[in-house]
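Data block below; observations after.
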Amino acid sequence: MAVDLPLPGAMESLDYAVPERLRPQVRLGTRVQVPVRARAVQGWVVAVHQGPPTRPLREVAVVLDSEPLLGPEELDLARWVAARYLAPLGQVLPLFLPPGQRPDRRRTVRERHLRAYRLAVSEEAARAALAELVRAPRQRQALEFLLEQESGPVPARELAARAGDGAARGLLERGLVEAVPLSLERNPYAGWRDPTPPPRLSPEQAQVLQEASRRLEGGGTILLHGVTGSGKTEVYLRLIETVLARGKQAILLVPEISLTPQAMRRFQGRFPGRVAMLHSGMSDGERYDQWWKVRRGEASVVVGARSAVFAPVRDLGLVVVDEEHASSYKQEETPRYHAREVAVERARRQGALCVLGSATPSLESFLAAEEGRLVRLQLRHRVDGRSLPRVRLVDLRQELKEGHQGLFSRALEQALASRLERDEQAILLLNRRGYQSFLLCRECGAVVECPHCQVTLTYHKVGHALRCHYCGTEQPVPERCPACGTGELSGLGLGTQQVEEELRRLFPAARVLRMDADTTTRKGAHDQILRRFEAGEGDVLVGTQMVAKGLDYPGVTLVGVIDADTSLRLPDFRGAELAFQLVTQVAGRSGRGVLPGEVVVQTYLPEHYSLQAAREHDYPSFFRRELVYRKRLGYPPLSHLLRLLVQAPAADAAEDEAGALARELKERRRGGAPYRVLGPAPAPLGRLKDLYRWHVLLVGPLEALLEAGRAVRERRPGRSCQVVEDMDPVSL
Ligand code: ADP
Ligand code: ZN
């Protein structure tokens, strides 16, 4: 039995006796309830042994499913995920189920039914009965309506609206109709369709499609490296069409952020009635219904975010991972899987084709292509011969030297002015939120930090309050600096609100829309802002990285990056990769229509190779430079990285435990294990949710790291300490 608990490795699978009465129901893949210490927990039957137990065992209490929800293929893939990401199998298995299926939680999601009516007698008998209903015109009306229906039962509410509340009751008493439950599909996207017919493929698209289709039979992995606006999505859609025509199914993964209303309408329009959507913006009930639609085989295309890679597709022909470089494919809580890697593995096991698409491939995928481990196909041009936008790097040091201190460099200000004059649209990107990000003491230089998380508190002008973006703590702005007690606090840094205000000051007539975490807390607000921008109700869209991906608006001819250096300042070895991706992707939002686009990037480091390469739209040159640096430090993608995060309520406990862990791992290495041990060091977020955090990093080949990771799981951490293992984290 794999139980849904974070148990140490050796205990992950527990044995239970099966009482006689439950024996027929206990099958591989069914869920059961079993006792663990004094608790009843959910477990999964992952192996069944015949014969009497060799030692005394506790008994399975309840069998939760009448049919196993998981087949042997799913169990095998789950085992792979558990091993690859050092997670307990019992915590991986729920990924394969619809949401809200944990009997130990109070709310379990079920199907929703409507009361409905249908004829209880033959059509002739019903017609004959009509004549008898002359004195009951409402009933007659209701019966006539039911006779007209070819598509089955009519919801009670609908019948009542036509013939009044009592009609159905009368017909029921006469035995002419019967009540049946009608299962209700909770689908927020029902009827969302973009009926635009598919465009004619460009010669480049056609060639890529042909190459990819050829591989649909044999499976394998393709990296589709296509510049922004090269029509990768159209290639995916055509491939899916072919897969469906062969009676198979497809999964299309997209980063959460790019599931825009526009994209949803496009997918549903192409395969009406056959698409299931799965993402976190939907309610549990909605996801539950979509899940079953896939499981019953009614939907043959799954479009969704990260977890849709586990969708219950039977005969998988294709998995597409769009924007395969996106860090949101990595789950940041146990099980810490990477959906791109799972997609490749799942496709391999089911003999399906896996397509990884991006304009800025992850170094992992590009290296795999260079080494011939996967096939690379390229789209070098934008569709319709549109050109890639011109990218200008503006040196903010120079601006300062020349006495220009505004938020917008002169170049950006001029570019904005000319767009507004010509009635074209612009997007401004700032990689942060809040008004002035943090408060600094002008006397002692201290910055106001969160008392729990050791991260700078963000100042929010709305409500004049300080808020922690990690744990959510909110507090009023102190009058004096809490550190020295005398200094006055003032703001530094900037946020989207400040950009918006500056815009209004410079261009009072401009219509400005702002999209960031503050303006999109309300459900649907995100969609609404985008729709307004799409409809031309705004001249300038100001936003955080939310605006960097997935948008496709032909009216946009200018994109401005207010501060390109944010990710270069992060304590993360992927900083340069993030900066390159950000500038390239955001540049991809410009000039998607007939008008040529321009990108203005403000930076203090214009000579940095990631920005230089992004300006030239030159991925290979970025890749080569970056790889040299990764090689020198032995970082991924040339190796793997295992992060062991130690958390404890006391600072010295965390530090001591991390120290002990590092020593043990170094000791093991002397025994011949080929990895390097970095640390112990305080984690970049040294304190989070009242826990002190230290970490130890291991760099080396996958197998050696997995072995070390398994050993760590068997180890008993010090009192009140917890060790979290994260294989190949995307951020520290
Ligand atoms: P990418 O994902 O590569 O950035 P998209 O697939 O979003 O690009 O395509 C960019 C735009 O070009 C979309 O509006 C799409 O509808 C359009 N498009 C794609 N293929 C063609 C084509 N062959 N002819 C005309 N327009 C196309
Ligand atoms: Zn906090």
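Keep in mind that this is a model prediction, so the values were computed, not measured. Indexing begins at 1, ligand by ligand and atom by atom, following the structure's order. Heads up: numbering here begins at 1 and tracks the sequence.
With 3.5 Å as the limit, one finds no donor-acceptor pair spanning the side chains of Q331 and Y85. A donor and an acceptor atom, one from each side chain of Y329 and E341, are nowhere located under 3.5 Å apart. Defined by atom type and a distance below 3.5 Å, a donor-acceptor pair is missing between the side-chain atoms of R410 and Q414.
The residue from L237, V227, V383 that puts a heavy atom closest to atom 17 (C) of ligand 1 is V383.
Taking the six-membered ring for Trp and the full ring otherwise, F366 and F622 have centroids separated by 6.0 Å or more.
Residue contacts with ligand 1: V235 is excluded, as none of its non-hydrogen atoms falls under 4.0 Å. Look at S202 and you'll find a heavy atom under 4.0 Å from some atom of ligand 1.
Those atoms of ligand 1 with a heavy atom of G231 less than 4.0 angstrom away are 1 (P), 3 (O), 5 (P), 6 (O), 8 (O), 9 (O), 19 (C). Per-residue contacts place T228 under 4.0 angstrom from the following atoms of ligand 1 (heavy atoms of the residue considered): 4 (O). The contact set between ligand 1 and R200, taken as ligand atoms under 4.0 Å from a residue heavy atom, comprises 22 (C), 23 (N), 24 (N). With ligand atoms numbered from 1 in the order given, ligand 1 contributes 2 (O), 5 (P), 6 (O), 7 (O) to contacts under 4.0 Å with heavy atoms of T233.
Within the 4.0 Å heavy-atom criterion, the part of R266 lying near ligand 1 is the side chain and not the backbone. With a 4.0 Å heavy-atom cut-off, ligand 1 is reached by the side chain of Q205 but not by its N, CA, C or O.
Annotation: P199 places no N or O atom under 3.5 Å from an N or O atom of ligand 1; distance criterion only.
The aromatic rings of Y619 and H225 sit perpendicular, their planes meeting at an angle over 60°, well past the 30° parallel limit.
Within the structure, salt bridge (Lys or Arg N to Asp or Glu O under 4.0 Å) contacts touching residues 267-277 (residues at least two apart or in different chains) are E234-R270. The salt bridge (Lys or Arg N to Asp or Glu O under 4.0 Å) pairs that include a residue from residues 303-320 number zero, where partners must be two or more places apart or lie in different chains.
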